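Here is the structure we will look at, set down as structure tokens.
Since the structure is predicted, the reported quantities are computational estimates derived from the model, not experimental observations.
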Amino acid sequence: MVQITLPDGSSKAFAQPVSVAEVAASIGPGLAKATLAGAVDGRLVDASHRIEQDASLRIITARDEEGLDLIRHSTAHLMAQAVKRLFPETQVTIGPVIENGFYYDFARKEPFRPEDLESIEREMARIVDEDLPVSRQVMDRDEAVAFFQGQGEEYKARIIADIPAEETISLYRQGDFIDLCRGPHIPSTGKLGAFKLTKLAGAYWRGDARNEMLQRIYGTAWPDKKQLKAFLKRLEEAEKRDHRRLGKQLDLFRFQDDAPGAVFWLPRGWTLFRQLIEYMRERQDEAGYVEVNTPDVMDRSLWETSGHWQNYHEHMFTTQTEDERVFALKPMNCPGSVSVYKHGLKSYRDLPIRMAEFGKVHRYEPSGALHGLMRVRHFTQDDAHIYCTEEQMEEECRKVIELNLSVYRDFGFEDVRLKFADRPDNRIGDDATWDKLEGALKGAIDAMGLEYTHNPGEGAFYGPKIEFVLRDAIGRDWQCGTLQVDLNLPERFDATYRTADGGEARPVMLHRALFGSLERFAGILIEHYSGNLPLWLAPVQVVVMNITDAQADWVGEVVSDLRRRGFRVEADLRNEKIGYKIRGRTLEKIPYLLIVGDREVEQRQVAVRLRDGTDIGAMDLDALGERLSGEVARRGPIGDNGQR
RNA sequence: GCCCACGUAGCUCAGGCGGUAGAGCACUCCCUUGGUAAGGGAGAGGUCACUGGUUCGAGUCCAGUCGUGGGCACCA
């Protein structure tokens, strides 16, 4: 007698051991058909799994999260089978589930062509039509190794060698295709169908660049065609907010072949960039920072002192002058900052010193890493270094965290996560010091009652760090800010301060950035807002347009008046119809369009239209100025109507 | 850096088997002075990424270089 308890609390008794599929069938034919697998006492198993003793059972269908993963995993197998049918000389390796889909890595001399994806998809569809049953089989280790070697599947044999001895080795067969897999899988290939192969890529065996490169095929899979279509639609939408595309469309910035990884900021983009700096300056002034500026090019010896020359030489741009001196372009601002700190004696009375710098750093990033504004070789950091005593450290950390979160909120990022990375194996400094540093960082987070995730061993060799991760409007995460404690540089540069009793001590050095890279942050903002930058950031805030030449003078007056009030305003006096001008400026995502005809001239007013098409009627310049000022001051996640 | 793909006007893109380039938008000029997402006409604009090769002849074929895209690796 086997007693099966179902999620609703009801239970069913069976005279003999019973499979998941049989239980499902006993409940109803619809469920039987939908069954993909089961969770027996919480453990995922195949639908064919026989339950020998009393257990709780949850039947997994496409509606469950596990069901979706199962579909994706089985679709990866389906693809591997299709590939083996079409290209028998290919070896299979691994094929895991990833966000929204799956991939499978293949080893094959000839690379796949993009056209091959279509034929593989067709073959996959054929196998789905064949509705091949999928069956599980357990093999002992040696037998399995011999089996895969016999099939010419060397990679599979290597994978088996890595499976811990106590784990059973299971194989899944569907028709002529047998793959090593932990499972579970769907009961037959006919359960699949809503998939699409999306991209072709190279990938190193076991993710190690020293290994040979395999060929990866990515795909997406869903319970039904409707969800597949919806996903593809979402991809398209995401593409529309790509900052590279919007950067071109809105004339914000451009790249040029002879300056790879370097941004040419156009007037409108630079206006956005300037807003970021001016805003940060304001916030830092309020928060008691001083600002400095240090050289871009400094002698090799300085980089030897900082340790960059030894450790990061291959990522640094260097220059040699006629007198044979070797200089490097700064890859980080901290050595410059410490140099400023060291200028003149410092007393404990001077601390903390919060020293900010909008420094442009230059890093020779690998060519394959470059990506629009998100990963460049030359970028500006909103960097700051805080020199303080050990006692001040926790308080200073707290202030940094507070400032960061408040700044992110102003840019419309409410969802910010903290990651705390502590001591790595390879580190400098003794454990007592690390205890103190980690304690201060964690103490600051705890004192503020914030949640954080823990990244054990992920800290820098010179100190622990906190990372700030922002979630944008479409749910993507961006790591922007960092707060790091540094034991290394004060030591290397022999930075000191005079203590109260006349002795000398080492200051603690905190590195912090909020935006990280301003270039990248600008890119994130463009995508976050889909180009519809809120009023305070919009490069051009207002365009004033006339209906006929007769209103040109009033347009001119309106423009100068609003500029006097501090807004970024342009006139559009072109000899075009008003509909044409509105369309053009709307596509430029200008927040406020002011339309001026004879009526408005007479009343000394402007007719106001928002970029989302809302017509908010005519008003005079005082009323408009007030509205604009309010919206600018509010910052934050602002919709087109100025509503939060 | 590695794998695959791509590089034609400011932008988006056409250019079957090799015969020295084409559209739409944008731009300039003319007509039009029109009230909330494209009025009409004319014109100008390209060393087809670069270098070399094959060929009587190369955007078109081949090789290399540079750049871009998607991944992988990297991201102090």
Worksheet item: Of the nucleotides B/rU33, B/rC72, B/rA76, which has the atom closest to the A/R216 side chain?
Response: B/rC72

Discussion item. Heavy-atom nearest nucleotide on RNA chain B for A/L200 versus A/P114: which residue maps closer to 5'?
Written reply: A/P114

Worksheet item: What interatomic distance, in whole Å, is found between C1' of B/rA38 and the corresponding atom of B/rC25?
Response: 10 Å

Fill in: C1' spacing across the pair B/rG15 / B/rC29, given as an integer number of angstrom
30 Å

Worksheet item: Distance between the P atoms of B/rU55 and B/rC62, in whole angstroms?
Response: 16 Å

Worksheet item: Touch check for A/D208, heavy atoms < 4.0 angstrom, all strands: base, sugar-phosphate only, or nothing?
Response: nothing

Worksheet item: For A/R113 and B/rA5, is the shortest distance between a side-chain N/O and OP1 or OP2 below 4.0 Å?
Response: yes

Worksheet item: Hey, is the side chain of A/R585 poking within less than 4.0 Å of OP1 or OP2 on B/rA37, counting only N and O atoms?
Response: no

Fill in: Inter-nucleotide P distance (B/rG18, B/rU60), Å rounded
11 Å

Worksheet item: Which part of the nucleic acid, if any, lies within contact of A/A550, taking any heavy atom under 4.0 Å across all strands shown: a base, the sugar-phosphate backbone alone, or nothing?
Response: nothing

Discussion item. Side-chain N or O of A/K248 versus OP1/OP2 of B/rC11: is the shortest distance under 4.0 Å?
Written reply: no

Worksheet item: What nucleotide, of B/rG35, B/rC2, B/rC74, holds the atom closest to the side chain of A/Y204?
Response: B/rC2

Worksheet item: Does A/T586 put a side-chain nitrogen or oxygen below 4.0 Å from OP1 or OP2 of B/rA37?
Response: no

Fill in: Lys NZ or Arg CZ of A/R210 over A/W205 ring: under 6.0 Å, within 45°
no

Worksheet item: Nearest to the side chain of A/K577 - B/rA76, B/rC72, B/rG39?
Response: B/rG39

Worksheet item: Is there a donor and acceptor pair closer than 3.5 Å between the side chain of A/Y364 and the base of B/rG1?
Response: no

Item to complete: Please evaluate the base of B/rA73 for a donor-acceptor partner in the side chain of A/R206 within a cut-off of under 3.5 Å?
Response: no

Practice prompt. Give the ring-plane orientation class for A/F255 versus A/F253, where under 30° counts as parallel, over 60° as perpendicular and anything between as tilted.
Written response: perpendicular

Response to the item:
Assign each of A/R363 and A/G613 the nucleotide of RNA chain B bearing its closest heavy atom; nearer the 5' end lies the nucleotide of A/G613

Worksheet item: So what's B/rC2 paired with, Watson-Crick or G-U wobble, going by both distances under 3.5 Å?
Response: B/rG71

Worksheet item: Just checking A/Y218: base, sugar-phosphate only, or nothing, at a heavy-atom cut-off of under 4.0 Å?
Response: sugar-phosphate

Fill in: Options B/rA76, B/rC3, B/rG70, nucleotide nearest the side-chain atoms of A/M213
B/rC3

Practice prompt. Write down the distance between CG (A/N546) and C1' (B/rU36), rounded to a whole number of angstrom.
Written response: 14 Å

Practice prompt. Rounded to the nearest angstrom, tell me the gap between atom CG in A/L370 and atom C1' in B/rC2.
Written response: 14 Å

Item to complete: Using the C1' atom as the reference point in each nucleotide, state the distance between B/rA73 and B/rG16 in Å, no decimals.
Response: 41 Å

Worksheet item: Can the ring centroids of A/H528 and A/F413 be said to lie less than 6.0 angstrom from one another?
Response: yes

Worksheet item: Of the nucleotides B/rU36, B/rC4, B/rG34, which has the atom closest to the A/P111 side chain?
Response: B/rC4

Practice prompt. Please state how far atom CG in A/D615 lies from atom C1' in B/rU36, giving the value in whole angstrom units.
Written response: 7 Å

Worksheet item: Which value, in whole Å, describes the distance between the P atoms of nucleotides B/rU8 and B/rC50?
Response: 10 Å

Fill in: B/rG39 versus B/rG34 - spacing of their C1' atoms, nearest Å
8 Å

Fill in: Gap between atoms CG and P, on A/D549 and B/rG35 respectively (whole Å)
13 Å

Practice prompt. Tell me which nucleotide among B/rG71, B/rA73, B/rG67 gets nearest to the side chain of A/A369.
Written response: B/rA73

Practice prompt. May I ask you to establish whether A/R216 and A/Y104 are in a cation-pi arrangement, using a distance under 6.0 Å from NZ or CZ to the six-membered ring centre and at most 45° from the ring axis?
Written response: no

Worksheet item: Is the distance from OP1 or OP2 of B/rU68 to the nearest side-chain N or O of A/H371 less than 4.0 Å?
Response: no

Worksheet item: Regarding A/R206 and the six-membered ring of A/Y204, is the cationic atom NZ or CZ under 6.0 Å from the ring centre and inside 45° of its axis?
Response: no

Item to complete: Both distances under 3.5 Å, Watson-Crick or G-U wobble: report the partner of B/rA37, or none.
Response: none

Practice prompt. Return the nearest nucleotide to the side chain of A/R583; candidates are B/rA73, B/rG70, B/rA38.
Written response: B/rA38

Practice prompt. Grab the NZ-P distance between A/K465 and B/rC75 for me, whole Å please.
Written response: 10 Å

Worksheet item: Does B/rU28 have a Watson-Crick or wobble mate here (both distances under 3.5 Å), and if so which one?
Response: B/rA42

Discussion item. What's the closest nucleotide to the side chain of A/D257 if the choices are B/rG34, B/rG35, B/rG7?
Written reply: B/rG7

Worksheet entry | Nucleotide paired to B/rC61 in any strand shown, Watson-Crick or G-U, under 3.5 Å | B/rG53

Worksheet item: With a 4.0 Å cut-off on heavy atoms, is A/I578 in touch with a base, just the backbone sugar-phosphate, or nothing at all?
Response: sugar-phosphate

Discussion item. Mind checking if A/Y462 touches a base, just sugar-phosphate, or nothing, with heavy atoms under 4.0 Å?
Written reply: sugar-phosphate

Fill in: Row check, A/F231 ring normal vs A/R234 NZ/CZ: under 6.0 Å, within 45°
no

Discussion item. Aromatic contact between A/H362 and A/F379, with the criterion being ring centroids under 6.0 Å apart: yes or no?
Written reply: no

Discussion item. Within 45 degrees of the ring normal and closer than 6.0 Å to the centroid, is that where the cationic atom of A/R377 sits relative to A/Y364?
Written reply: yes

Discussion item. Can you measure A/L250 atom CG to B/rC11 atom P for me and round it to whole angstrom units?
Written reply: 15 Å

Practice prompt. Enter syn or anti for the glycosidic conformation of B/rG59, syn applying to angles within 90° of 0.
Written response: syn

Discussion item. If you go through the side-chain atoms of A/E600, does one of them form a donor-acceptor pair with the base of B/rG35 closer than 3.5 Å?
Written reply: yes

Discussion item. Ignoring hydrogens and geometry beyond distance, is the side chain of A/R375 in donor-acceptor contact with the base of B/rC74 at under 3.5 Å?
Written reply: yes

Item to complete: Give the nucleotide from the list B/rG70, B/rC27, B/rG34 with an atom nearest to the side chain of A/R574.
Response: B/rC27

Worksheet item: Contact class for A/G579 vs. all strands (heavy atom < 4.0 Å): base, sugar-phosphate, or nothing?
Response: sugar-phosphate

Discussion item. From CG of A/D251 over to P of B/rC27, roughly how many Å is that when rounded to an integer?
Written reply: 11 Å

Item to complete: Take atom CD of A/E212 and atom C1' of B/rC3, then tell me their distance rounded to the nearest Å.
Response: 13 Å

Discussion item. It should be established whether A/Y580 places a side-chain nitrogen or oxygen under 4.0 Å from OP1 or OP2 of nucleotide B/rA26.
Written reply: yes

Fill in: Option among A/R300, A/M332, A/H313, A/K330 that satisfies the side chain to side chain contact (heavy atoms under 4.5 Å, CB included) test with A/H308
A/M332

Worksheet entry | Touch class at under 4.0 angstrom, heavy-atom based, for A/A201 against every strand present | base

Item to complete: Identify whether any heavy atom of A/G372 sits under 4.0 Å from a base atom; if not, whether one sits that close to sugar-phosphate; answer base, sugar-phosphate or nothing.
Response: sugar-phosphate

Fill in: Nearest-Å distance once atom P is located in both B/rU65 and B/rC3
11 Å

Item to complete: Looking only at side-chain atoms of A/M332, point me to the closest of B/rA76, B/rG70, B/rG67.
Response: B/rA76

Item to complete: For A/L214, answer base if it contacts any base atom (sugar-phosphate contacts may also be present), sugar-phosphate if it contacts only those atoms, and nothing otherwise; contact means non-hydrogen atoms under 4.0 Å.
Response: nothing

Item to complete: Spell out, as yes or no, whether a donor-acceptor pair under 3.5 Å connects the side chain of A/T318 to the backbone of A/F327.
Response: no

